[in-house]
Structures are given as structure tokens and as C-alpha cells.
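Notes follow the structure.
Every chain is numbered from 1, with letters handed out A, B, ... down the list of sequences.
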Protein chains: 2
Amino acid sequence: MRSENESDGQKRRSFIEEARRAQIVASAVEVIAEIGFAQASLARIAQHAGISKGVISYHFAGKDELMVEVVERTYGLIAETVGARMQGLSSATELLRAYLLGVAEHMRGHRTQLAALGEIFIHLRGADGRPRYGIKANEEIYRALEGIYALGQESGEFWHFDRRVMAVTQASAVDNMFAYWVAYPEHDLDAHARELADIFERACRS
Amino acid sequence: MRSENESDGQKRRSFIEEARRAQIVASAVEVIAEIGFAQASLARIAQHAGISKGVISYHFAGKDELMVEVVERTYGLIAETVGARMQGLSSATELLRAYLLGVAEHMRGHRTQLAALGEIFIHLRGADGRPRYGIKANEEIYRALEGIYALGQESGEFWHFDRRVMAVTQASAVDNMFAYWVAYPEHDLDAHARELADIFERACRS
DNA sequence: TCATTTTCTGACCGCATGGCCAAAATTATA
DNA sequence: TATAATTTTGGCCATGCGGTCAGAAAATGA
């Protein structure tokens with residue numbers, strides 16, 4: 001039986017346990033990105049990893065736990081990278097531009113992760129059948145963007161637009177930029193991000 | 001066997017055949033909107049319509065054909081309504097505002113259709129396993145928006161932004177406005193649309 | 001070395017799905 | 001009414017899914 005020792009809510013795992021989990025997560029990312037969430041069965045993921053299907057069930061409580069771990073590992077890396085890039089900036093305009101360019105540059109080097117993340121966000125459902133990562137999962141991003149907008153509106157950089165609408169709009173613009181890039185790999189992602197920064201600078205400034 | 005007479009690529013159907021198809025499509029819309037595409041099996045749709053499962057197979061070649069018909073009927077109505085509302089307008093700014101407000105007003109009265117359409121767009125896959133309505137299905141909308149932008153840029157209303165990026169951005173803003181409204185029914189859709197019109201007017205104008 | 005624990009395998013289970021079809025029921029036609 | 005065409009029924013099928021399990025294999029430790 002896999003060890004389930006807990007401390008501070010964190011599972012304590014052996015190195016080979018951790019390695020297996022990482023390997024399975026990586027295989028899941030690649031399979032999902034290639035054939036889509038709906039077709040990415042545990043059997044396919046195991047086959048891609050060169051292991052038996054039961055290994056996944058042994059290391060993960062179920063498919064949902066595996067998917068959640070894919071999201072957490074991938075998403076955590078994005079937040080870390082982009083957050084670091086925004087450190088030290090003060091003006092709202094600078095922050096928004098750094099966010100847009102930073103996330104685009106990071107994802108440019110992580111295409112399969114991006115595609116898999118999108119698939120999981122769209123398809124994964126909870127036990128109740130409702131989406132696990134629906135629109136409401138964006139609330140954290142909306143709040144962060146609204147904070148930047150409030151900063152800009154107070155400093156006079158921005159006009160007094162509806163911050164919620166602007167946040168929903170900008171977040172969707174980023175999401176769709178990536179979706180467009182996934183569909184059209186030859187599309188210039190960085191140029192798109194720069195153009196977006198210009199567009200939203202005009203949309204926001206007083 | 002169902003009559004398959006073709007003329008001009010259109011199937012000629014009896015009234016009761018047409019009525020059954022319409023009934024099944026309506027049931028599909030309601031079931032998909034309520035429990036999501038993945039859970040909306042033919043059995044569930046038939047049960048909701050109060051008919052046997054085989055009836056659907058009799059009137060439609062398969063689940064895919066049913067889903068495509070749902071999209072075509074719903075989408076056609078939207079295009080008709082909004083298109084009529086844009087008739088006679090000439091300036092690019094007016095056209096964009098009429099589009100935004102028009103589509104919002106129409107969808108406000110067709111919530112279940114909107115939810116079902118979104119589910120199908122996201123989930124439906126072709127025989128090859130690739131999405132049937134992916135990003136590339138937006139090409140028609142992108143082209144239409146780009147045409148309006150070109151108009152505005154020629155007349156001097158708009159600055160010379162990248163039309164493709166703006167089209168992708170605006171289309172995603174509309175899609176996400178609806179998705180947000182579906183998730184938060186108390187959200188003021190018309191106010192959101194007006195705000196969006198203001199935002200993109202600022203983003204586009206010289 | 002040998003006993004114990006951890007990890008892996010491959011077969012198996014119950015379940016839901018889309019599709020199929022023979023026969024029954026209904027409707028249209030002569 | 002009698003015959004033919006259309007429509008509906010309800011059960012059946014093969015498929016693929018996530019998950020489970022006994023036993024084999026490998027790693028660990030005394």
C-alpha cells in the first residue's frame with residue numbers, strides 16, 4: 001500500500017513515488033495535448049508512459065486527482081514565472097504590459113502544457129457533474145486585474161471604466177490569444193501580446 | 001425508411017418529419033443546457049422529449065447530425081436577427097456598437113440556446129477526433145469584424161491596429177461576456193455589452 | 001541470505017454509451 | 001376496407017471507460 005503519511009496536509013512521498021507521479025503527469029500532459037481530454041483515457045496515458053494502467057490507479061486516487069495535479073503543477077509554474085516578472089513595477093500600465101508579455105513569453109516555451117491545461121479547464125467536471133474549472137475559477141485572476149485597474153484609476157492613469165467588465169475582457173483576450181496560437185502554430189505569439197498591450201493601454205488610459 | 005429525396009442539396013421533408021426534428025432539436029438544447037454536453041446522451045434527450053431512443057436514430061443519421069442541426073438552427077437565428085439590426089448603418093463605430101448591443105439583446109431572450117451552443121462548440125468532435133467547431137470556426141466572424149475595422153481605418157475613425165488581433169480579441173470578449181452571464185445569471189448582460197462597446201470604441205478610435 | 005514491504009502487472013468487473021433491428025403500431029393510399 | 005408506406009418501440013449489441021484485485025516482481029532491510 002502506498003504510504004499516506006500526512007504532515008501539514010502535505011503527503012510525504014519517497015523519491016521514486018514522486019518520480020512516478022511526475023512521469024505520469026508528464027505523459028498525461030502530452031496525451032491530452034495530442035488527442036484531447038475526451039480521448040485521453042487512463043489506458044492511453046499508461047501506454048504512452050510505457051507502464052500498466054494499474055500503476056496510475058496505484059499512485060493516484062483516481063483520474064480526477066491526476067488531472068488536478070496536472071493543473072496545479074503547470075499553473076503553479078506559470079504564476080511563479082510571471083509573478084517574478086512583475087516584481088518591482090509600480091504603475092498600472094507597466095504592470096499590465098509586464099503581465100501580458102510575461103505570460104506570452106512563458107507559454108511560448110510550453111505549448112503542450114498550454115494545450116493540456118486548456119483541455120482540462122474546459123472538460124474536467126466534479127463529482128456533481130458541474131465544471132471543476134468554470135468561469136468562476138477565474139475569480140482570482142479577475143481580482144488581481146481589478147486591483148491593478150483600481151491602482152490606475154486612483155493615480156489618474158485610467159478612466160473610470162467598470163473594472164469587472166474590463167477584467168473579464170482582458171482575461172478572455174489572453175485566453176483566446178493562446179487558443180488562437182494553439183490552433184495556428186505559425187502565429188506570432190509575442191507580436192500578438194505586444195499588440196494586445198497596446199490595445200488595452202488605449203482602452204484603459206484616461 | 002425515411003424519405004431522402006434531395007433537391008438543391010436540401011432534403012424535402014414532410015411536415016411531421018420536420019416537426020419531429022424540431023422537437024428533438026429543442027429537447028437536445030434543453031438537456032444540453034441543463035446537464036452539459038457530456039451527460040446529454042441520446043437516451044436522456046429522448047426521455048426529455050417523451051419518445052423512444054430509436055426515434056432519434058430514425059430521424060437523424062447519428063448524434064453528430066443532431067448536434068450540427070442544433071447549431072445551425074440556433075446560429076442561423078442569431079445571424080438573422082443581428083444582421084437585420086446592422087442594416088443601414090454606415091460608420092464603423094456604429095456598426096460595432098450595433099453588433100455588440102444587438103447580439104446581447106438577442107441572447108438575453110435565449111439563454112438555454114446560448115448555453116447549449118457553447119457546450120456543443122466546445123465538446124463536439126468530428127470523426128477524426130478533432131474539434132468540429134474549434135477556433136477556426138470563428139474565421140467567418142473574424143473576417144466580418146476585419147471588414148468593419150478596415151472601413152474605420154480608411155475613414156480615419158480608427159488607428160492602424162492589427163485587424164486580426166483586434167478581431168480575435170473582440171470576438172473573445174463577446175464569447176466570454178456570454179459565458180460569464182451563463183455562470184452568473186444575475187449579471188446585467190446589456191450593461192456589460194454597453195461597457196464593452198465603450199471599451200472597444202476607445203481601443204479602436206484614432 | 002531471507003523475510004518484509006513496496007511496486008507492478010494483466011485480467012476482470014460493472015456501467016454507460018451510440019447504434020442497430022425485427023416486429024409492432026400508425027398513417028397514407030388505392 | 002385492404003394494401004402499402006411510414007413511424008415507433010424496446011430490447012440487444014459491441015465498445016470503451018474507470019476502477020479493482022490477486023498474485024508476480026522488485027526493492028528494502030535485517
A correct 5'-to-3' footprint of nucleotides 20-29 of chain C, with B, S and - meaning base, sugar-phosphate only and no protein heavy atom under 4.0 Å, is ----------
Residues 173-196 of chain A vs salt bridge (Lys or Arg N to Asp or Glu O under 4.0 Å), sequence neighbours excluded, gives A:Arg108-A:Asp190
Using 4.0 Å as the upper bound for N to carboxylate O, is an ion pair formed by A:Glu30 and A:Arg111?
no
Worksheet item: Taking only side-chain nitrogens and oxygens of B:Arg20, does any of them come within less than 4.0 Å of OP1 or OP2 of D:dT8?
Response: yes
inquiry  = Is there a side-chain contact between A:Gln153 and A:Arg163 in this structure, where contact means two heavy atoms from C-beta onward sitting under 4.5 Å apart?
reply    = yes
From CZ of A:Arg44 across to C1' of D:dG18 the rounded distance in Å is 15 Å
In whole angstroms, the gap separating C1' of C:dG18 from CD1 of B:Ile24 amounts to 15 Å
B:Phe37 atom CZ is separated from C:dT17 atom P, nearest whole Å, by 13 Å
Of the candidates C:dG19, D:dG19, D:dT7, the side chain of B:His59 sits closest to D:dT7
Whole-Å distance, B:Leu42 CG to D:dG10 C1', equals 15 Å
| said: Does this structure show an ion pair linking A:Arg44 with A:Glu34, if we count only N-O contacts that are shorter than 4.0 Å? | reply: no
Would you call B:Arg130 and B:Asp128 a salt bridge, taking side-chain N to carboxylate O under 4.0 Å as the test?
yes
message: On the six-membered ring of B:Phe121, is B:Lys136 placed so that its NZ or CZ lies under 6.0 angstrom from the centre and within 45° of the ring axis?
response: no
With the side chain defined as heavy atoms from C-beta on, B:Ser52 is closest, among C:dG10, D:dG10, D:dG19, to D:dG10
Per-helix bend value, the helix from C:dT1-D:dA30 to C:dA30-D:dT1, C1' rotation axes over five pairs per end, 10° rounding, shows 0°
Measuring to OP1 and OP2 of D:dT7, would you say a side-chain N or O of B:Tyr58 lies under 4.0 angstrom away?
yes
So the salt bridge (Lys or Arg N to Asp or Glu O under 4.0 Å) pairs with at least one residue in residues 85-95 of chain A (sequence neighbours excluded) are A:Arg85-A:Glu105
To the nearest angstrom, the CD-P distance between A:Gln47 and C:dT9 comes to 13 Å
| request: Anything under 30° is parallel, anything over 60° is perpendicular, the rest tilted; go ahead and classify A:His106 against A:His110. | output: parallel
Residues in residues 121-134 of chain B with a heavy atom under 4.0 Å of DNA chain C, by number, are none
Across all chains, not counting sequence neighbours, the side chain to side chain donor-acceptor pair (under 3.5 Å) partners of A:Ser41 are none
When rounded to whole Å, the CZ to P distance for the pair B:Arg21 and D:dT6 reads 16 Å
Separation of C:dT17 atom C1' from B:Asp64 atom CG, nearest Å, is 14 Å
From CD of A:Gln39 across to C1' of D:dG18 the rounded distance in Å is 15 Å
* Asked: Does any donor-acceptor pair link the side chain of A:Ser41 with the base of D:dG16 at a separation under 3.5 Å?
  -> no
Here the pair of heavy atoms bringing B:Ala183 nearest to A:Ile135 is CB-CB, 4.0 Å
Subject >> Salt-bridge criterion met for B:Asp198 and B:Arg97 (N-O under 4.0 Å) >> reply: yes
So, does B:Asn138 use its side chain to make a donor-acceptor pair with the main chain of B:Ile141 at under 3.5 Å? no
